[in-house]
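Heads up, the thing below is written out as structure tokens.
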Amino acid sequence: MSLVDLVMPKMGESIMEATILKWNKLPGDAVKQDETVLEIATDKVDSEVPSITAGTLEEILYQVNDVVPIGAVIARIRTAAKEAASADGGQSLAPADAAGIVPDSQPPTVNHPAQSQSAPVYAQTTTPATPQYSPSSNGAGAGAGHRFYSPLVLNIAANEGVPLSELESIPGSGNEGRVTKKDILQYIDNKKSGHYAPASVVAPTGIGTTRPETIAPVSYPAQAAASTAPARVVAETPVSQPTISSYGSNVEIIEMDRMRRLIADHMVRSVHTSPHVTSISEADVTHLVHWRDKVKKEFEKRENTKLTFTPLFIEAVIRCIKKYPLINSSLDGDKIIIKKDINIGMATALPSGNLIVPVIRSADQLNLTGLARQVNSLADNARQNKLRPEDTQGGTFTLTNVGTFGSLMGTPIINQPQVAILAVGAIKKRPMVLETPEGDAIVIRHMMYVSLSYDHRIVDGSLGATFCSAVARELENFSLDREF
């Protein structure tokens, strides 16, 4: 008999950790190869993790709601010896030789208690694992007790100027007392506000045990004198928690769900990251509206998919991006990265009231029919919670249709790390002055506002306004004689 490690799979280049939502299998349950073992969630999308082999689930290493770094071992599956032998070409591997496994005599790369000396042989798996940060590689000293920090936590600490000596003093609420993204962000917020709020500290637990026990709250200590950055000495006065009476008597308190918390975090970070500017233009889309009304029934009958306004808007955006490629870029430090691929994200409202942005990859390579199919497919999958992780990654520009809900215009928040987002408003009939060879005339036209929010670090007002106006002109110049 042998054990096979089930690791947290890599979900995308920008995703460094995932939250466990539900275990579909419990220790002792039989599992088939490719059968779903657990459900996870990232800041992009929910997903399922299948078993990489057939056998019996021996133990689970993380509990529901735990935040787990990509590549960490999350469970172990016991298989027959012959199955383990076939996994590596018929040769058994000692723990020291197996991918992602270290000998019992050495500290494990993933921060779990050391295994017993009688640990069974592990079968090598082909599941890729991202490199783990060991205490020596992330700079944690002996005082950290071989503490593990996820790449996300280390990046946040580096960006906010939190040295490792200070990071080691932060009580963690994650598995085995690990510092989570929530812990580091709360610590930074408390530090900026001038006080350190109490935080629950969790004691390390054994592998496969129940949720960590919560011990007495501990205040964040002031930074050690040996730290390289100056520390602000603040009296450790506990912060009183809000009570029901502080909100008034006639209120209803609703806890944000996981997706709403993620959306809130992204929006706040985007505003803090990018200086937002919004330019607004008005477009006469009468020709576009009349053409769609004329062909939409035939289009649906022939292509077996509906023709909405969204693919028509995306077409106009793509043409303008090709004229002004700086709009299709991102910023990395002091480097501007201009993207050659045009991947259009389209903000989609979910039945829960939340928002998600699936991405049409290589949108500039699709004709109108292809765009319509992609728009409808991604929107349907989003509303049915069937999006794959890759469906929400790699966007270079985002379109949001605020007119769907009756809004005339909007000032959208940039979807990081992009540098611009376009909002289209509701199409309304209005009397407009139209210049004709016989003179000015007042006519009824279909009018729509388009608004572009952009990152002023990269996009100046002249480029932002020019791009926004260019999209409006593309929509106005739509040909009534167009074929599809």
Side-chain angles (χ1 to χ4, degrees), residues 8-9 11-12 14-24 36-49 62-70 74 150 152-153 156 172-175 178-186 188-189 197 199-200 202 211-212 214 241-244 246-248 250-272 345-359 378-393 395 398 400-402 404-405 410 412-416 421:
M8 183 64 73
M11 309 291 288
S14 63
I15 298 177
M16 305 305 297
E17 60 186 15
T19 302
I20 296 177
L21 296 181
K22 176 184 177 181
W23 283 98
N24 293 353
T36 299
V37 178
L38 71 157
E39 299 174 12
I40 61 174
T42 69
D43 58 353
K44 301 288 186 182
V45 71
D46 296 351
S47 185
E48 298 176 343
V49 178
Y62 292 91
Q63 305 300 319
V64 173
N65 294 326
D66 283 350
V67 179
V68 184
I70 300 302
I74 52 179
S150 71
L152 178 62
V153 169
I156 294 174
S173 61
N175 189 53
R178 182 173 299 164
V179 176
T180 65
K181 179 174 73 171
K182 181 180 179 181
D183 296 331
I184 182 69
L185 293 178
Q186 183 65 51
I188 292 169
D189 289 342
S200 295
V202 295
R211 292 295 302 273
T214 303
Q241 298 296 324
T243 60
I244 297 296
S246 65
Y247 301 112
N250 189 24
V251 299
E252 178 185 3
I253 299 175
I254 301 175
E255 290 289 338
M256 289 193 295
D257 60 22
R258 182 191 61 83
M259 181 169 284
R260 176 49 53 185
R261 292 196 301 269
L262 291 171
I263 293 173
D265 180 63
H266 285 176
M267 296 300 99
V268 171
R269 285 186 171 275
S270 181
V271 172
H272 286 173
M346 55 175 206
T348 304
L350 301 176
S352 62
N354 291 322
L355 191 71
I356 197 167
V357 185
V359 175
L378 290 173
D380 290 342
N381 288 343
R383 297 186 183 102
Q384 297 174 26
N385 197 29
K386 294 182 178 179
L387 288 177
R388 301 166 299 173
E390 57 266 28
D391 290 335
T392 60
Q393 298 171 9
T398 298
T400 178
N401 189 346
V402 298
T404 302
F405 309 102
I413 296 176
I414 297 169
N415 186 15
Q416 297 293 331
I421 178 173

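Taking every heavy atom of both residues into account, Glu48 and Thr36 meet most closely at OE1-OG1, 3.1 Å. When all heavy atoms of Val64 and Lys22 are compared, the pair lying nearest together is CG2-CA, 4.2 Å. Summarising the geometry of Pro358 relative to Leu378, their closest heavy-atom pair is CB-CB, 3.9 Å, with the distance given to 0.1 Å. Closest non-hydrogen pair, Ala382 versus Leu350, comes out as O-CD2, 3.2 Å. Ile421 and Thr400 get closest at one heavy-atom pair: CD1-CG2, 4.1 Å. Closest approach of Tyr62 and Trp23 over heavy atoms only: O-NE1, 3.0 Å.
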Go through it in stages, so that I can follow the logic: the residues are Thr392 and Val357, the test is side chain to side chain contact (heavy atoms under 4.5 Å, CB included), and I'd like the CA-CA distance, side-chain angles, deciding distance and then a yes or no.
CA-CA 6 Å; Thr392 60; Val357 185; over 6 Å; no

Show, in sequence, the C-alpha distance, side-chain angles and deciding distance for Ile263 and His266, and conclude whether the side chain to side chain contact (heavy atoms under 4.5 Å, CB included) test is met.
CA-CA 5 Å; Ile263 293 173; His266 285 176; 5.8 Å; no

Passes side chain to side chain contact (heavy atoms under 4.5 Å, CB included), Asp391 versus Val359? Steps please.
CA-CA 6 Å; Asp391 290 335; Val359 175; over 6 Å; no

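At least one side-chain heavy atom of Val68 sits under 4.5 Å from a side-chain heavy atom of Ile20. Side-chain contact between Thr180 and Ile184 is absent, with no heavy atoms from C-beta onward closer than 4.5 Å. Contact check for Ile156 versus Leu185: side-chain heavy atoms found under the 4.5 Å cut-off. With a 4.5 Å cut-off on side-chain heavy atoms, Val49 and Leu38 count as touching.
Annotation: the span from Met8 atom CE to Thr19 atom OG1 amounts to 8.0 Å, rounded to 0.5 Å. Rounding to the nearest 0.5 Å gives a distance of 6.0 Å between CZ of Arg383 and OG1 of Thr348. Rounded to the nearest 0.5 angstrom, Arg261 CZ and Glu255 CD are separated by 8.0 Å. Here CG of Asn381 is found 10.5 Å from CD1 of Ile356. Values are rounded to the nearest 0.5 Å. Here the CE atom belonging to Met267 is positioned 6.5 Å from the CG atom belonging to Asn415, to the nearest 0.5 angstrom. The distance from the CE atom of Met256 to the CG atom of Leu262 is 9.5 Å, given to the nearest 0.5 Å.
Ion pairing between Arg269 and Asp265 holds under the 4.0 Å rule for side-chain N and carboxylate O.
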